[in-house]
Colleague: 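I have a structure here, written as C-alpha cells, and I will follow up with some questions on it.
Counting starts at 1 for both ligands and their atoms, in listed order.
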Amino acid sequence: CQFEQSATQVTHQRRRDLLDRVCKLYSRKRHVLTPDDLKHLVVDDVHGLLYCYVPKVACTNWKRVLMVLTGQGKYRDPLKIPANEAHVSSNLKTLAEYSTSEINYRLRNYLKFMFVREPFERLVSAYRNKFTRQYNTAFHKRYGTKIIKQHRRDPSLEALEKGDDVKFEEFVYYLVDPHTQREEPFNEHWERVSSLCHPCVIHYDVIGKFGVDQSIKFPSSSKSTRTTDNLTAKFFHNISPFYQKKLYKLYRMDFLLFNYTMPSYLVIR
Ligand SMILES: *[C@@H]1O[C@H](CO)[C@@H](O)[C@H](O)[C@H]1NC(C)=O
Ligand SMILES: *[C@@H]1O[C@H](CO)[C@@H](O)[C@H](O)[C@H]1NC(C)=O
C-alpha cells in the first residue's frame with residue numbers, strides 16, 4: 001500500500017530540500033544560537049508552535065492570529081486586535097525568554113514555521129512604509145536623518161533635521177555601505193530573513209510564501225497598498241547596475257534559500 005503525499009506536503013518537502021542544499025553550499029560553519037538569535041521566534045505553548053516573524057510579510061496579521069490562539073479567551077477575532085497592540089512584544093513570548101532546556105525542547109518538538117516574501121518586494125515595501133509616510137517620524141528621526149547626512153550631497157538643513165524625504169536610491173546606498181552594519185545590525189524591517197530566522201540552523205517545518213501560496217488567506221484589508229513586482233521594478237529603475245549588483249549580493253542568501261530568481265527588471269542579469 002502506497003502512501004500518497006498531498007501536493008502541499010510535496011511542495012514543503014521540496015522547499016526544505018532546496019534550503020538544505022543551499023545551506024550546505026553557502027552557509028559558513030554551523031554557529032551556535034544565542035538568545036539574541038531567538039528574538040524573532042514567537043512561542044505558542046498551547047498549540048506547540050514556533051513562528052519566526054518577518055516584518056513586512058503580513059506579520060501583523062500572523063501575530064494577531066497567534067494572539068487569538070494563545071490569548072485563551074482574551075481575544076476571539078484577529079481583526080478586532082488593533083495593529084499597535086499586535087506589535088506590543090509583551091503580548092507574545094519569544095523563545096529568547098526561555099531557559100536553554102526549554103528552548104531545546106521547543107525546537108525539537110514544536111511545529112516551526114515562517115513566511116517569506118520576494119526579498120526586493122519586501123525591501124521596497126519597508127522603504128515605502130517607513131520613509132514615504134508622513135506619520136513615521138520615529139523612523140525619519142532614527143534612520144532618515146542619518147541616511148541623508150551620509151548619503152546626500154548638500155542636504156538642506158530641514159532635511160538633515162527631519163529626515164523625512166529619504167529617496168530610495170539613498171536608502172540603497174545606506175544598505176550597501178559597509179559602515180552601516182559595522183555600526184549596528186540592520187533594523188528588522190530590512191534585515192535579511194536568513195539573519196532574522198536562522199533557517200540553516202533551525203529546521204523549519206513549513207516555509208510559507210507570501211503571494212505564492214494561494215491557499216493562505218490573510219485577514220487583510222489593505223490589498224490596494226500592497227507592493228507588487230511591477231511597483232518594485234519602478235523603484236529599481238533609478239538604481240545603477242553597480243548598486244543593483246551590490247544590493248543583490250547583500251540579499252543573495254534570501255533569494256537562494258527561498259527559491260526566488262533574480263528579478264527580470266535588474267540590468268545585471
Ligand atoms: C523553484 O521555483 C521554480 C519556479 O520559479 C519552480 O519551478 C521550482 O519547482 C522551485 N523549486 C523548489 C525546490 O521549490
Ligand atoms: C506588470 O508589467 C508587465 C510588463 O512590464 C505587464 O505585462 C503587466 O500587465 C503588469 N501587471 C500589472 C498588474 O500591472
Colleague: Answer yes if a protein heavy atom lies under 4.0 Å from atom 8 (C) of ligand 1, otherwise answer no.
Modeller: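 Within 4.0 Å: yes, protein heavy atom nearby.
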Colleague: For atom 1 (C) of ligand 1, which protein heavy atom lies nearest, and how many Å away is it?
Modeller: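 Of every protein heavy atom, N259 ND2, 1.4 Å lies nearest to atom 1 (C) of ligand 1.
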Colleague: Write out the residue and atom name of the closest protein heavy atom to atom 13 (C) of ligand 1, then the distance separating them to 0.1 Å.
Modeller: R14 O, 3.6 Å
Colleague: What about F113 and Y204, are their ring centers closer than 6.0 Å?
Modeller: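 Ring-ring flag for F113/Y204: false, centres at least 6.0 Å apart.
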Colleague: Walk me through it: do N187 and E191 pass the test side-chain hydrogen bond (donor to acceptor under 3.5 Å, both in side chains)?
Modeller: CA-CA 6 Å; N187 178 277; E191 179 58 281; over 6 Å; no
Colleague: Any protein heavy atom lying closer than 4.0 Å to atom 5 (O) of ligand 1?
Modeller: no
Colleague: Is D165 salt-bridged to R152, cutoff N-O under 4.0 Å?
Modeller: yes
Colleague: Whether the side chain of Q181 engages the backbone of P178 through a donor-acceptor N/O pair (distance < 3.5 Å, no angle test) should be reported.
Modeller: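 No, Q181 side chain to P178 backbone: no donor-acceptor pair under 3.5 Å.
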